[in-house]
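Single-structure report; data block below.
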Amino acid sequence: MRPDARAWFDHRTTSAPSLDALDPDALLRAKRRGRHRVSVVLPARDEEATVGRLVTDLREHWVLRTPLVDELLVVDSDSTDATARVAQAAGADVVASADVLPGHGTRPGKGEALWKSLAATTGDLLVFLDADLLGDVTHYVPGLLAPLLTEPQVSYVKGCYTRPLEVPGGTVPAGGGRVTELTARPLLNALWPELAGFVQPLGGEYAGRRSVLERVPFVSGYGVEVGLLVDLLALVGLGGLAQVDLGVRRHTSQSQEALGRMAGQVVSTVLSRAGQGRAASLHDGAGGLLTQFQHDGARFVPHSTPVAVDQRPPMGSVAEYHALLVDVVG
Ligand SMILES: O=c1ccn([C@@H]2O[C@H](COP(=O)(O)OP(=O)(O)O)[C@@H](O)[C@H]2O)c(=O)[nH]1
Ligand SMILES: O=C(O)[C@@H](COP(=O)(O)O)O[C@H]1O[C@H](CO)[C@@H](O)[C@H](O)[C@H]1O
């Protein structure tokens, strides 16, 4: 690791692997001193099996018992199941991604749901959590908020964790984070070695100040995490970024083929940021596609998926957004 990345890793990595490592009451005092308002956002597509328990736990701990959180929003991202109903029944606010800023249409993807969440929330601090998390993750919220509440120069905090992979019949220790290990980490290390200290650059749990999140684009699909990391590095510098060790992260995982498509979106996003305009422009025609192959018993059958970058502009550049914002404290 380069000296700057190592220095950042040593200085900006904190640890909150469980509630025992945190003092929620002290964080609540810091929140009140800073006159902060906190929004927790869960982007969710077809997460009826997990979103209800997650919302119940988070609401019980951080809305009702210790009011660190002022707003708990599930963004329903084109779900075809009962995600919205389950989330609402558990006490979350729920909005359909397609219903936010309708004048700007709707696009598929996690990043779209996250971009829209900026226009559907009012907190000056935002916490993003995946809606397919398994196990007790209530400490993730104070863990992610702590650097933002105690370090004014920190604007964006990524969670990091070990990632066992749930497979039929058991768990592969540290088997998770496949796109991270096989795609994002090598590319980031090669192109932005100052980011090499991030343990989980693609992790779906992170928190940030609205004042910076509204100044960067949001890649509409699965490239959103790597896009935010690279764009926020450029905006606030390494000193404005932090990470917190949240212990273990378990989630419902996807097939290798689905992760291949996710990797394609991550690669497209990296190339779009790495000034590889020529490579990206080469993909304008037949490119921008990821071709994968399935064998039908007789032959390989190719099938291609669009992975070209599609993104939204900084929310701060959207006129309607400012009209939507109520007085955001802090
Ligand atoms: O179009 C999408 C795809 C995913 N997600 C959500 O984004 C999070 C991470 O997505 P996923 O679980 O598919 O990715 P993985 O964690 O398996 O890498 C989950 O809460 C999904 O419900 C979403 O809101 N819209
Ligand atoms: O980190 C990764 O390699 C991928 C896939 O994780 P798994 O191999 O399914 O544990 O998961 C992350 O990547 C996505 C793209 O950035 C994020 O949107 C997900 O929240 C995150 O789980």
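Both ligands and their constituent atoms are indexed starting at 1 by order of listing.
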Structural part of D130 in contact with ligand 2, heavy atom criterion under 4.0 angstrom: side chain
Does M262 approach ligand 2 within less than 4.0 angstrom via side chain, backbone, both or neither, non-hydrogen atoms only? side chain
Heavy-atom closest contact (L233 atom, W192 atom, distance): CD2-CD1, 4.1 Å
I need the contact type for Q200 against ligand 2. Using non-hydrogen atoms and a strict under-4.0 Å cut-off, is it side chain, backbone, both or neither? neither
For atom 7 (P) of ligand 2, which protein heavy atom lies nearest, and how many Å away is it? G177 N, 3.4 Å
Measure L259 to ligand 2 on non-hydrogen atoms and call it side chain, backbone, both or neither using the 4.0 Å cut-off. side chain
So which bit of R178 gets within less than 4.0 Å of ligand 2, heavy atoms only: side chain, backbone, both or neither? both
Name the closest protein heavy atom to atom 6 (O) of ligand 2, giving the residue it belongs to and the distance to 0.1 Å. R163 NH2, 3.0 Å
Any nitrogen or oxygen of V179, side chain or backbone, less than 3.5 Å from one on ligand 2? yes
Those protein residues which place at least one heavy atom below 4.0 Å from ligand 1: P43, A44, R45, E47, S77, G109, K110, D130, A131, D132, Y222, H251, T252, Q254, M262
For the pair H104 and W115, name the ring-plane relationship: parallel under 30°, tilted 30 to 60°, perpendicular over 60°. perpendicular
Does only the side chain of R249 get under 4.0 Å from ligand 2, or the backbone, or both, or neither? Count heavy atoms. side chain
With sequence neighbours excluded, tell me which residues meet side-chain hydrogen bond (donor to acceptor under 3.5 Å, both in side chains) with T252. D132
Kindly check if the number of other-residue, nucleotide or ligand heavy atoms within 6.0 Å of CZ (R85) is above 12? no
